[in-house]
Amino acid sequence: MGSAVTSSPATGGAPALMAYDEVLRGYEPVLGLETHVELGTRSKMFCSCATAFGAEPNTQVCPVCLALPGSLPVVNGVAVESAIRLGLALNCSVASWCRFARKNYFYPDMPKNYQISQYDEPLCFDGHLDITVDTPDGPREFRIEIERVHMEEDTGKTAHMGGATGRIHGAEYSIVDYNRAGIPLLEIVTRPIENTGDLAPLVARAYVSELRELVRSLGISDVRMEEGSMRCDVNVSLMPRGATEWGTRSETKNVNSLRSVERAVRHEIERQGGVLSAGGRVVQETRHFQENTGGTVSGRSKEEAQDYRYFPDPDLVPVAPAAEWVEELRAALPELPAARRRRIKAEWNLSDEELRDLVNADAIGLVAETVEAGAPPADARKWWLNELSRRATEAGTELSALAITPAQVARVAALVAEGALTNKLARQVVEGVLAGEGDPDAVVEARGLKVVNDDSALGAAVDQAIADNADAAEKVRGGKVAAAGALVGAVMKATRGQADAGRARQLILERLGVQG
């Protein structure tokens with residue numbers, strides 16, 4: 001296999017990437033995924049500061065989240081409830097007693113020089129999440145074992161200014177915003193994921209996607225990866241085929257999109273394969289994902305648990321959820337994504353491919369809400385998978401981030417069904433809603449987009465179209481009814497696409513004395 005690896009001048013002689021398929025002939029990838037979810041609570045984990053995204057820097061802080069002397073933390077009860085609900089949805093056991101620990105390390109955006117987290121006593125543990133990966137040979141199911149779901153607080157945010165990369169190397173100075181410090185986080189940690197073979201990148205992506213849907217269905221976070229409210233640390237190692245011990249792992253930090261999770265896994269497999277096949281040694285380290293290249297770069301050596309000097313936080317009392325409360329939360333869980341998919345497939349009579357399209361577009365929830373708002377399933381699917389998916393791609397964002405609600409999409413579909421809008425006009429209405437011009441009816445009124453379907457208004461346009469297109473009119477009179485299409489097109493052009501095309505055709509044929 002060594003012949004497939006060459007020296008890379010760009011990395012100062014470091015081994016180049018190895019072909020993906022060739023790596024997998026000699027090694028089995030082992031994955032570990034640590035996903036952080038910012039909870040959508042109104043206040044922070046240990047204080048009453050607001051958590052709104054996008055506030056002016058350092059305006060949502062207090063002595064507790066800035067770690068000023070004498071300040072004492074108090075646990076956010078809603079965050080505890082959210083953690084238990086997620087743990088139950090992930091088939092976890094819930095601890096009857098657990099506590100917080102101090103995880104000691106220094107970053108400029110860590111006010112206390114330690115993070116309040118949980119170490120050997122997590123709130124939820126021993127769960128699993130089932131996922132499905134589409135392959136050329138059909139769908140394959142994987143059970144991802146969940147080691148733990150624990151609570152902690154987020155750090156602040158450091159911005160490195162003046163450099164070309166946005167990182168500290170080459171920056172002129174750094175600034176820190178502590179608004180995010182203390183935001184409630186849940187960390188979901190998998191056990192090592194083995195036996196994925198060449199599907200490893202897809203398994204990682206499918207797991208994070210399913211986890212995001214699960215969290216969203218619980219209503220505990222908006223899980224907007226582009227805003228950092230969900231992010232994933234991707235651990236990858238290579239184990240020689242036939243071996244019994246895992247290889248040395250790398251951890252790619254804070255990967256913030258589904259596509260990037262997949263790309264990070266694939267790149268690390270190719271990078272580590274190149275290192276090992278060139279006779280090198282994989283270093284246990286944290287790495288950073290590069291969106292522009294799809295690669296990773298070295299960050300720092302990876303600490304072990306003892307390096308963090310964990311010890312119980314003396315300022316916080318243990319958390320001891322009553323068994324009766326846990327069961328009440330279990331009974332109140334909403335319909336979870338896997339069950340909803342099965343129900344929707346049956347109710348909407350979808351094929352496997354149609355359901356897969358909805359899942360892959362991350363649109364199933366949006367379409368379901370649009371149907372609940374009154375749209376037929378076929379119409380709801382059409383708008384989200386076609387027009388709105390295209391606009392999300394153009395804007396470089398996710399469907400759920402578009403400035404249009406399922407209820408608004410349902411109203412657009414209703415206006416088309418009523419004949420008040422053509423599909424072309426409806427797309428203009430969607431454009432107006434996305435531009436912040438108001439609800440669909442307001443956009444229709446402001447832009448004057450209603451379909452023209454009364455005979456008096458259409459009649460003049462029809463007469464003018466016949467006069468301007470004498471050849472086409474003569475063909476229609478001669479029995480070539482298909483030629484009426486040119487006349488309808490002229491009417492649509494004259495009315496800026498607002499004519500009722502069906503009624504315009506009827507009037508044309510009546511004027512020309514032809515049966516439709």
Side-chain angles (χ1 to χ4, degrees), residues 31-39 41 44-47 64-65 67 71-77 79-88 90-107 109-128 144-156 180-193 211 220 230-235 246 249-251 253-254 284-286 299-321 326:
L31 307 178
L33 300 168
E34 303 171 15
T35 309
H36 292 82
V37 172
E38 282 187 359
L39 295 177
T41 55
K44 292 185 181 181
M45 187 71 220
F46 301 111
C47 66
V64 173
C65 56
S71 59
L72 293 173
V74 177
V75 175
N76 185 328
V80 175
E81 178 179 316
S82 297
I84 293 174
R85 293 178 68 219
L86 179 57
L88 294 172
L90 287 169
N91 306 289
C92 289
S93 299
V94 177
S96 59
W97 188 94
C98 64
R99 56 185 170 179
F100 287 95
R102 292 185 179 182
K103 180 181 181 181
N104 294 273
Y105 63 100
F106 172 75
Y107 282 132
D109 52 16
M110 179 74 74
K112 293 187 286 288
N113 291 342
Y114 63 85
Q115 178 188 35
I116 300 177
S117 182
Q118 291 187 304
Y119 174 45
D120 54 347
E121 299 166 316
L123 180 59
C124 306
F125 54 93
D126 292 346
H128 67 266
I144 308 302
E145 300 287 343
I146 305 297
E147 179 177 297
R148 57 195 282 143
V149 177
H150 68 256
M151 298 176 289
E152 59 187 23
E153 60 179 340
D154 210 344
T155 63
R180 199 175 68 182
I183 294 284
L185 282 183
L186 297 184
E187 184 172 354
I188 304 96
V189 182
T190 72
R191 289 198 170 96
I193 305 168
L211 179 61
I220 59 176
M230 181 177 185
R231 49 195 190 267
C232 186
D233 297 342
V234 177
N235 293 268
W246 299 320
R249 65 186 171 93
S250 66
E251 181 180 15
K253 301 288 288 185
N254 295 328
Q284 183 167 321
E285 63 180 350
T286 62
R300 57 183 169 83
S301 61
K302 177 62 180 172
E303 296 88 349
E304 299 287 355
Q306 63 267 21
D307 296 322
Y308 291 121
R309 306 189 312 284
Y310 284 101
F311 65 90
D313 193 305
D315 292 333
L316 289 165
V317 298
V319 176
V326 172

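Keep in mind that this is a model prediction, so the values were computed, not measured.
The shortest distance between side-chain heavy atoms of I116 and F46 falls below 4.5 Å. Between M230 and T35 there is a side-chain heavy-atom pair separated by less than 4.5 Å. Between E147 and E145 there is no side-chain heavy-atom pair separated by less than 4.5 Å.
Nearest heavy atoms, P321 versus I84: CB-CD1, 3.8 Å. The shortest non-hydrogen separation linking P122 to A95 is O-CB, 3.6 Å.
In this structure, the separation between CG on L39 and CE on M151 is 9.5 Å, given to the nearest 0.5 Å. Within the model, atoms CZ of R231 and CD of E38 stand 5.5 Å from one another, a figure rounded to the nearest 0.5 Å. Between T286 atom OG1 and D233 atom CG the span is 9.0 Å, to the nearest 0.5 Å. Here the straight-line distance linking atom CD1 of I144 with atom CZ of R191 works out to 12.5 Å at 0.5 Å rounding. Considering CD1 of I188 and CD1 of I146, their distance stands at 8.0 Å, rounded to 0.5 Å. Rounding to the nearest 0.5 Å places NE2 of H150 at 8.5 Å from CG of L185.
For R180, the salt bridge (charged side-chain N to carboxylate O under 4.0 Å, His left out) partners at least two apart in sequence or on another chain are D154. Applying the side chain to side chain donor-acceptor pair (under 3.5 Å) criterion to D315, with sequence neighbours excluded, gives R102. Looking at residues two or more places apart in sequence or on another chain, you find a side chain to side chain donor-acceptor pair (under 3.5 Å) between K112 and E153. The side chain to side chain contact (heavy atoms under 4.5 Å, CB included) test applied to P111 returns A67, Y178, A181, not counting sequence neighbours. With sequence neighbours excluded, the residues forming a side chain to side chain donor-acceptor pair (under 3.5 Å) with S117 are E152, listed by chain and number. With sequence neighbours excluded, the residues satisfying side chain to side chain contact (heavy atoms under 4.5 Å, CB included) with C124 are C92, V94, V149. Annotation: side chain to side chain donor-acceptor pair (under 3.5 Å) contacts of D120 (sequence neighbours excluded): none.
Counting only residues at least two apart or on different chains, the side chain to side chain donor-acceptor pair (under 3.5 Å) pairs with a member in residues 90-99 are N91-H128, R99-E121.
Proximity of a side-chain donor or acceptor of T41 to a complementary backbone N or O of A79 within less than 3.5 Å is not detected.
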Candidate pair R85 and I220, rule side-chain contact (heavy atoms from CB on, under 4.5 Å), full reasoning: CA-CA 9 Å; R85 293 178 68 219; I220 59 176; 3.5 Å; yes
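Between R148 and E187 there is no salt bridge, since no side-chain N of the basic residue sits under 4.0 Å from a carboxylate O of the acidic one.
Residue Y119 forms a ring-ring contact (aromatic ring centres under 6.0 Å, His included) with just one option from Y310, F100, Y114, Y308, and that option is Y310.
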